[in-house]
Amino acid sequence: MLLPMENVRVRFEPSPTGSVHIGTARAALFNWLYARKTGGRFILRIADTDRERNTQSALDEILRVLSWLGLDWDEGPEAGGEFGPYFQSQRGDIYREYLQKLEDAGRAYKKDGAIFFKLEGERYTEYDEYHKAEIEKVRTEPVVIEDLIRGKVTRREERDFVLVRSNGDPGFHFVNVVDDISMGITHVLRGEDHLSNTSKHLELYKAFGTPPPIFAHMPMILKDPKIGKGKMSKRDKGALIEEYQQRHFLSQAVVNFIALLGWSPKDGKEVLTIEELLERFEIKDIQKAGARFDDKKMSHLNFEYMKVLPICEYEKYARQALTSSNLIDENVDGEHLRGVLELCREKIDSFENLPAFSAYFFSEDYTINEKAFKKVWRREGARERLSEITPRLSDLDEWTESAIEYAFQQLANETGEKPFAWYPVVRFAVSGTNSGPDFLPMLKIMGKELVIRRINDRLASIN
RNA sequence: GUCCCGUUCGUCUAGUCAGGCCUAGGACACAGGGUUUUCAUCCCUGCAACAGGGGUUCGAAUCCCCUACGGGACGCCA
């Protein structure tokens with residue numbers, strides 16, 4: 001446990017310019033975990049200084065995603081707080097005040113209509129291979145970043161950078177530092193892509209004469225090697241949090257999954273509720289190397305949570321998934337639905353594939369599996385086997401598992417075979433596939449009428 | 001191109017800070033077997049890694065150096 005007197009204040013600073021990325025969500029989660037763990041404050045600050053690109057829907061999404069993940073904030077939009085406003089677009093007065101300090105100290109100057117920060121050191125010009133131009137540089141003293149994850153990182157900033165853009169809007173580095181100072185931020189936990197920005201930020205802290213917060217730079221989330229190289233981008237499958245909602249993933253599973261991207265608990269436990277994450281989370285245990293995204297791991301974790309989901313919750317998610325695939329509507333027979341779910345439960349690792357797995361229970365519009373067609377139906381004697389069993393099923397007075405089983409058993413006894421010999425062909429006839437839930441319970445749930453009808457249809461088809 | 005960060009099974013990682021307990025542990029994936037007389041569950045088994053090279057040391061995955069490779073930054077985006 002950490003010392004309470006530390007008075008931790010951490011912030012999450014998303015910009016409302018697009019969908020919430022998995023890396024963004026992880027930054028939110030790790031900051032939240034650290035705040036909750038230390039009894040500190042978790043602050044939500046909206047980085048909306050780029051007027052051109054901000055959208056209301058992006059802001060709405062950020063708030064929606066945070067609540068979906070269960071990350072509540074102590075200060076910020078909707079929550080308020082004494083360090084507001086929490087929208088950078090509304091903090092103009094504060095930025096002006098801080099800019100004045102830099103101007104007074106002779107550390108700001110105008111150029112091309114923008115205001116630049118002036119580094120200290122000898123100036124010279126040099127041809128820059130990257131910019132393909134002569135560029136003014138400054139021989140500055142190196143700064144040392146004390147990073148909780150990486151140790152000391154030494155870097156030198158060698159070019160003046162923009163404080164205020166020519167359109168009058170303050171720039172990222174400036175507002176970032178000013179806000180962290182004025183909001184009393186103690187720890188900055190962010191992505192490694194900011195590591196090279198940190199030297200700019202440290203120069204600013206020096207210029208303001210304010211001690212910097214403690215930094216910790218998390219590793220990047222990289223693409224699955226099968227998809228490509230480099231860091232995960234919005235376009236990659238699995239990169240957007242909203243996508244998981246749409247695919248009916250459980251939020252606890254998503255939280256668990258992103259927590260394991262670049263971090264792991266000392267005890268090796270992998271399936272962790274948010275409370276268990278809280279008990280174990282330590283910034284020091286965050287990995288240095290980039291973490292590769294693995295869709296399979298995501299599904300596996302989702303499955304773990306599906307297994308322990310209370311049945312009524314399970315039904316809720318299942319209804320959503322099945323409704324959005326137009327397989328059921330609110331008039332569905334609840335008992336039938338629950339019967340089907342009981343069969344599918346513990347068979348599928350995501351509600352996303354529940355519709356495909358169970359379509360034939362609800363609709364005539366289900367796919368015939370090609371492989372099963374060839375393997376089961378095209379096999380010698382398949383049609384005969386189906387014909388043999390059909391009258392025996394039709395004749396059943398009771399449609400129970402044991403009655404159905406008995407029908408198969410009797411036929412098997414007469415021919416000296418196992419009932420197993422008829423299962424696949426019947427399964428194929430009623431479901432169009434050779435895999436699925438437990439066979440007997442499945443027939444029972446489908447009901448005699450449907451089973452017989454599908455079998456007859458199959459028999460009647462010329463294929 | 002310059003600067004910064006990194007490198008343990010296919011993937012996530014434990015172990016690295018305090019060198020011997022590591023013939024390198026777990027999980028996902030994959031493969032094989034078993035159970036459930038189907039099956040995408042479940043159980044068992046297997047496969048599989050310290051990037052390479054130099055040092056230091058009685059001893060190195062662990063410390064140092066070099067090389068290679070990967071990642072990031074270099075915006076009047078954040």
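Keep in mind the model is a prediction, meaning the values are calculated, not measured. Lettering follows sequence order; numbering is per chain, from 1.
Residue contacts for P219(A): at a heavy-atom cut-off of 4.0 Å it reaches no nucleic acid atom on any strand shown. The residue D438(A) sits close to a base: some heavy atom pair falls under 4.0 Å. Using a 4.0 Å heavy-atom criterion, one finds that I348(A) contacts no nucleic acid atom at all. Here T17(A) lies out of heavy-atom contact (under 4.0 Å) with every strand. Within the 4.0 angstrom heavy-atom criterion, base atoms lie near E405(A).
The structure places CZ of R159(A) at 7.0 Å from CG of D128(A), a figure rounded to the nearest 0.5 Å.
In this structure, E126(A) atom CD and G1(B) atom P are separated by 15 Å, rounded to whole Å. Atoms CD (E157(A)) and C1' (U2(B)) sit 13 Å apart, rounded to a whole Å. As rounded to whole Å, 13 Å separates atom C1' of A40(B) from atom NZ of K296(A). Atom NZ of K226(A) is separated from atom P of C28(B) by 15 Å (rounded to the nearest Å). The interatomic distance linking I62(A) (CD1) with A78(B) (P) rounds to 14 Å, in whole Å. Spacing between atom CZ of F439(A) and atom C1' of U37(B) amounts to 11 Å, rounded to whole angstrom units. Taking atom CZ of residue F293(A) and atom P of nucleotide U11(B), one finds them 15 Å apart after rounding to whole Å. Rounded to whole Å, atom P of A14(B) lies 12 Å from atom CG of D267(A).
Going from the P atom of C9(B) to that of C50(B) covers 7 Å, rounded to whole Å. Between G34(B) and G53(B), the two P atoms lie 43 Å apart (nearest whole Å). Spacing between A18(B) and G71(B) at atom C1', rounded to whole Å, works out to 30 Å. A31(B) sits 7 Å from C47(B) when the C1' atoms are compared, rounded to a whole Å. Between U8(B) and C22(B), the two C1' atoms lie 12 Å apart (nearest whole Å). Spacing of C1' atoms, U62(B) relative to A49(B), comes out at 15 Å, to the nearest Å. Taking atom P in both C4(B) and G20(B), the straight-line distance is 31 Å, to the nearest Å. Distance check on atom C1': A24(B) versus A14(B) gives 9 Å, rounded to whole Å.
In this structure, G1(B) and C74(B) make a Watson-Crick or G-U wobble pair, each of the two defining distances being under 3.5 angstrom. In this structure U23(B) sits in no base pair that meets the Watson-Crick or G-U test at under 3.5 Å. Base pairing analysis places U16(B) opposite nothing; no Watson-Crick or G-U wobble pair with both distances below 3.5 Å involves it. Partner assigned to U41(B) is none, using Watson-Crick or G-U wobble distances below 3.5 angstrom. Under the Watson-Crick or G-U wobble criterion, with both distances below 3.5 Å, A68(B) is paired with U7(B). Using Watson-Crick or G-U wobble geometry with both donor-acceptor distances under 3.5 Å, U56(B) finds no partner in any strand shown. For C30(B), the paired base is G46(B) (Watson-Crick or G-U wobble, both distances below 3.5 Å).
OP1 and OP2 of U7(B) both lie 4.0 Å or more from every side-chain N or O belonging to K288(A). Between H131(A) and G75(B), a side-chain N or O to OP1/OP2 separation shorter than 4.0 Å is present. Residue K307(A) has a polar side-chain atom (N or O) positioned under 4.0 Å from OP1 or OP2 of C42(B). Taking only side-chain nitrogens and oxygens, Q287(A) comes nearer than 4.0 Å to OP1 or OP2 of A14(B). The phosphate of A78(B) (OP1 or OP2) has a side-chain N or O of T49(A) nearer than 4.0 angstrom. Close to G75(B), at under 4.0 Å from its OP1 or OP2, lies a side-chain N or O of R159(A). Regarding contacts with the backbone of G71(B), every side-chain N or O of K223(A) stays at 4.0 angstrom or more from both OP1 and OP2.
Sequence order on RNA chain B of the closest nucleotides to A289(A) and Q409(A) puts A289(A) first from the 5' end. Residue-to-nucleotide proximity on RNA chain B shows that, of F420(A) and S15(A), the 5′-proximal contact is made by F420(A).
C74(B) has Y130(A) stacked on its base ring, the centres lying under 5.5 angstrom apart and the planes within 30 degrees of parallel.
Checking C76(B), U37(B), U41(B) against every side-chain atom of S166(A), the shortest atom distance belongs to C76(B). Taking the side chain of S435(A) as heavy atoms from C-beta on, and the options G70(B), A40(B), A29(B), the nearest nucleotide is A40(B). For H173(A), taking side-chain heavy atoms from C-beta onward, the closest of the listed nucleotides A40(B), G75(B), A78(B) is A78(B).
Nearest heavy-atom pair, G76(A) versus Y86(A), reported as atom, atom and distance to 0.1 Å: CA-CG, 3.5 Å. Between R91(A) and P85(A), the closest heavy-atom pair is NH1-O, 2.7 Å. Of all heavy-atom pairs spanning I46(A) and P77(A), the tightest one is CG1-CG, 3.7 Å. Across all non-hydrogen atoms, the minimal contact from S182(A) to I94(A) is OG-CG2, 4.2 Å. Shortest non-hydrogen contact noted between L202(A) and V144(A) is CD2-O, 3.8 Å.
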Subject >> Trace of the ring-ring contact (aromatic ring centres under 6.0 Å, His included) decision for F174(A) with F161(A) >> reply: CA-CA 9 Å; F174(A) 178 59; F161(A) 54 90; 9.4 Å; no

**OP:** Using a 4.0 Å heavy-atom cut-off, write out nucleotides 21-27 of chain B from 5' to 3' as B (base contacted by protein), S (sugar-phosphate only) or - (no contact).
**Re:** -----BB

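For the segment residues 191-201 of chain A, residues with any heavy atom less than 4.0 angstrom from an atom of RNA chain B are, sorted by number, E192(A), D193(A), H194(A), L195(A), S196(A), N197(A). The stretch residues 134-153 of chain A comes close to RNA chain B through R150(A), V153(A), each having a heavy atom under 4.0 Å from the strand.
Here the side chain of D285(A) pairs no donor or acceptor atom with the backbone of W263(A) at under 3.5 angstrom.
With salt bridges taken as basic N to acidic carboxylate O contacts below 4.0 Å, one links R107(A) and E120(A). Comment: E414(A) engages R392(A) in a salt bridge, judged by a side-chain N to carboxylate O separation of less than 4.0 angstrom. Salt bridge D160(A)/R123(A): present, at least one basic N to carboxylate O contact under 4.0 Å. By the 4.0 Å N-to-carboxylate-O rule, R345(A) lies too far from E342(A) to be salt-bridged with it. Between D457(A) and R454(A) no salt bridge is recorded (no basic side-chain N to carboxylate O distance below 4.0 Å). The residues E270(A) and K297(A) are annotated as salt-bridged, a charged nitrogen and a carboxylate oxygen being separated by less than 4.0 angstrom. Contact check on E158(A) versus R139(A) returns no salt bridge, with no Lys/Arg side-chain nitrogen under 4.0 Å from an Asp/Glu carboxylate oxygen.
The side-chain hydrogen bond (donor to acceptor under 3.5 Å, both in side chains) test with T198(A) singles out one residue from E157(A), H217(A), R155(A), and that residue is H217(A).
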